[in-house]
Student: 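Have a look at this one.
These numbers come from a predicted model, not from an experiment.
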Amino acid sequence: MRVIIGVLLFTTVLLGCNNLPTSVSPEIGEPFKIKLGQSLEFQNEALNVRFEEMLEDSRCPEGATCFWAGNARIIIQLNDLKTELNTYLDPKITDISDFTVELISLTPYPNIIKKIDKDEYTAELRVLRN
């Protein structure tokens, strides 16, 4: 009986650890990664960034032959303002309020074998002060 209680207690502690929030505070001018639906607050700034929405991902999948590279389009929110950014088409970089937002990369890259769930997307961004 003690063994069962010990195993249950250990499992509960492990599951609780998996739900701890991870704290990431990006800095102006430094690249950072943000998951779809995630919001981050900049250190020493009154600035919040959110990867709001994944609008499309038509990038040519690995393992396929395509006529063009394709494009992924996302919505990024800075405080209360939203902007669209692209991986291939313009804009890849845009000015919003007093900042410039750049989409550096978007992962995972499509593959003909595996469908990507929206919650798997991570954008690498850089925010600069104008």
Side-chain angles (χ1 to χ4, degrees):
M1 184 67 168
R2 287 184 186 170
V3 172
I4 293 173
I5 292 173
V7 168
L8 288 174
L9 182 60
F10 181 73
T11 303
T12 303
V13 169
L14 281 180
L15 290 175
C17 290
N18 286 338
N19 294 327
L20 292 175
T22 56
S23 176
V24 175
S25 295
E27 294 183 29
I28 298 292
E30 296 296 321
F32 63 93
K33 293 185 179 182
I34 185 169
K35 295 187 79 52
L36 180 62
Q38 183 180 18
S39 294
L40 299 174
E41 190 171 320
F42 281 76
Q43 294 179 353
N44 306 318
E45 299 284 339
L47 181 63
N48 186 286
V49 64
R50 178 174 172 78
F51 183 173
E52 183 72 24
E53 192 173 346
M54 185 74 212
L55 295 175
E56 73 169 285
D57 190 355
S58 64
R59 296 176 290 175
C60 183
E62 292 175 347
T65 302
C66 303
F67 293 106
W68 81 298
N71 183 58
R73 188 167 50 113
I74 66 173
I75 294 179
I76 297 297
Q77 181 175 336
L78 258 70
N79 292 338
D80 295 330
L81 303 173
K82 295 181 182 182
T83 188
E84 289 185 17
L85 293 170
N86 295 280
T87 57
Y88 184 74
L89 301 174
D90 286 329
K92 298 174 198 126
I93 299 174
T94 190
D95 291 333
I96 183 169
S97 187
D98 295 332
F99 300 93
T100 298
V101 183
E102 175 187 10
L103 176 58
I104 298 171
S105 66
L106 183 67
T107 56
Y109 196 85
N111 186 302
I112 61 172
I113 297 172
K114 183 183 180 289
K115 182 180 186 307
I116 301 170
D117 292 328
K118 281 195 172 191
D119 63 349
E120 294 180 64
Y121 282 103
T122 300
E124 184 175 8
L125 304 172
R126 181 181 2 251
V127 176
L128 303 165
R129 184 179 298 288
N130 291 343

Student: Could you check whether any side-chain N or O of K118 sits under 3.5 Å from a backbone N or O of M54, counting only pairs where one atom can act as donor and the other as acceptor?
Tutor: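 Pair found, side chain donor or acceptor close to backbone of M54.
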
Student: Specify the closest pair of heavy atoms between I112 and G63, including all atoms of both residues, with the distance to one decimal.
Tutor: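 Reported closest heavy-atom pair: CD1-O, 3.4 Å.
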
Student: Which pair of non-hydrogen atoms, one from P31 and one from I104, has the smallest distance, and what is that distance?
Tutor: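 Minimum heavy-atom separation between P31 and I104: CB-CD1, 3.8 Å.
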
Student: Using every non-hydrogen atom in the two residues, find where Y88 and G70 come nearest and quote the distance to one decimal.
Tutor: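 Closest approach of Y88 to G70, heavy atoms only: CB-O, 3.1 Å.
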
Student: Does the pair R129 and E45 meet the rule for a salt bridge (Lys or Arg N to Asp or Glu O under 4.0 Å), with working shown?
Tutor: CA-CA 11 Å; R129 184 179 298 288; E45 299 284 339; 2.2 Å; yes

Student: Above 12 or not: heavy atoms from other molecules or residues under 6.0 Å from OH of Y109?
Tutor: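 Result for OH/Y109: enclosed.
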
Student: Between N71 and N86, do the side chains contain a donor N or O and an acceptor N or O under 3.5 Å apart?
Tutor: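 Side chains of N86 and N71: pair found under 3.5 Å.
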
Student: Decide yes or no for V127 and T100: does some side-chain heavy atom of the first lie under 4.5 Å from some side-chain heavy atom of the second?
Tutor: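 With C-beta onward as the side chain, the pair stays apart.
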
Student: Would V49 and L81 show up in the same hydrophobic cluster when neighbours are defined by side-chain heavy atoms closer than 4.5 Å?
Tutor: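 Linked within one cluster.
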
Student: Should E53 and K82 count as an ion pair when the cut-off is N to O under 4.0 Å?
Tutor: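 A salt bridge is absent here (no side-chain N lies under 4.0 Å from a carboxylate O).
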
Student: So how far is it from Q43 CD to I28 CD1, rounded to the nearest 0.5 Å?
Tutor: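 The distance works out to 10.5 Å.
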
Student: May I ask you to test the I74-L103 pair for a side-chain heavy-atom distance under 4.5 Å?
Tutor: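 Yes, their side chains come closer than 4.5 Å.
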
Student: So that I know where these two stand, are F32 and F42 an aromatic pair - ring centroids less than 6.0 Å apart?
Tutor: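 Yes; F42 has its ring centre under 6.0 Å from that of F32.
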
